[in-house]
Trainee: 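First, the structure itself, so that you have it in front of you.
Here the structure is a predicted model, which means the values were calculated and not measured. Throughout, protein chains are lettered first and strands after them, A, B, ... in sequence-line order, and every chain is numbered starting at 1.
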Amino acid sequence: VNTLGRTSDPAAPSLALFAAVAASGFVAIAVGWHVAATTRFVPSQIAALVSGGLAGVVLVLVGSVLVSVQAGRRSAALERRHTDDVLDEVGALVDAFRTLYNNDASDTEGSS
Amino acid sequence: VRWGVSRVLTAALLTGTGAVALVPVANASDLALVAAPEGWYQPNPTCAGPLGCLPGPTPVAPPTPIPTSPYPEGTLHVGWSGPAETARTYLAFPLDQVTGQLTGATLDVPLDTASADGDMQSSTAKVQVCLATGTIVDVRGSIDAPPTIDCDLHADLTYVAAPAPHLHGDLQPLLAAASPSFGIVLLPDATKNAATESWRVVFSAHDRTDAAKTAPARLTVTTSPAAADAPPPSVNLSPVNPPAPRGFAAGPSSVIAEAPPTVAPLPAQVAPQTAPIAAPLVRTARTVRFGYAYPVVWLLPLALLIVAPLATRALTKELT
């Protein structure tokens, strides 16, 4: 049974994947900056900035959005799980009261 | 008597002036030659298109000549923008007017380091000198097929910063194939320039007239006076013609010939002489690599194919 917040978190692999996408964007930006900084030839610099800079920014944005969306889904699932737990506790409490009430009623009838 | 003295003085002055004009640049065994004609070429931009190099001139000549070089008139260029050559320069030196036995030759190319004239990181330039086997003509930034060359014999030029920035090289390896009209080409060494490097060296043609003119390229030849009466040199050019490098249009078949480069003889400056020298042939095998600077980029579509389904599944899977 998967339990949110523990080691078997079902959202953990996807969160790691999306974080890796965002991290690869930062790497692309760094590589683009490095290539553009090692030459003064403007056409090469433009190619490096487009391939590294713009693509890196896009990867960072996409990765961040995916991480945010998945974190929201994980939070909603956790909330649902907690609600279910509370409802289960309430149900168990009602059953306990009902059993206790039935036992008291049968004892009263027996004594009378 | 006064008229006689005046005539003698005038004759002496004229004789002295003429003698000064005929004195070689260096000493008796070192002669400095200036190149003429000179021409520089750049890759044909149509060669990068999907149809390849478009041949020949335009069907209809433009009413006014279209300049193909944005650089100042009278400048010569050698350039590299990794991983391809962007400019090369051909120089022809009139060795047929040099007498005596050639024992050495050095090339000095004073550089115009003004970035407005096109200079870009000239201190990092790695330029080599090869033999030009085609006809050298006076062109500036031409996109036509350049003259054929032979790089089996080549020499390297090195950048020297002081006293003034210039390229210097010993052309001894090329003298084995020196012809009466000694044509050479200055071009980037594709084996030594990295794919990420970019540079451009600029120097002045002998006929440059603007204020930024630097001294033209100078070939200093050393001759041995012992063979001053030797017969004129025989042409010893190799008929090997390597294929034109990428970006340059292929030349017409008639240009690929064993004929030595034709040059216009220089006015004065040199005395008659020369015999061919027997320098050892230096032939080296070289590998020129072309391709993408970052071929790993071809893995990106594969990565996208893997990541996209994983992301879709992760975003639609129940997390409870």
Trainee: Give every residue pair that meets the ring pair (Phe, Tyr, Trp, His ring centres under 6.0 Å) criterion with at least one member in residues 59-93 of chain A, sequence neighbours excluded.
Mentor: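 Residue pairs passing ring pair (Phe, Tyr, Trp, His ring centres under 6.0 Å), neighbours aside: none found.
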Trainee: Could you list which of residues 210-217 of chain B have a heavy atom closer than 4.5 Å to any heavy atom of chain A, in residue-number order?
Mentor: none
Trainee: What residue among A:Arg80, A:Arg73, A:Arg74 forms salt bridge (Lys or Arg N to Asp or Glu O under 4.0 Å) with B:Glu318?
Mentor: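 Exactly one pass, corresponding to A:Arg80.
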Trainee: Please check if atom NE2 in A:His34 has more than 12 non-hydrogen atoms from other residues, nucleotides or ligands closer than 6.0 Å.
Mentor: no
Trainee: Can you tell me how far the CG atom of B:Leu319 sits from the CZ atom of A:Arg81, to the nearest 0.5 Å?
Mentor: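 Between B:Leu319 CG and A:Arg81 CZ, I get 13.0 Å after rounding to 0.5 Å.
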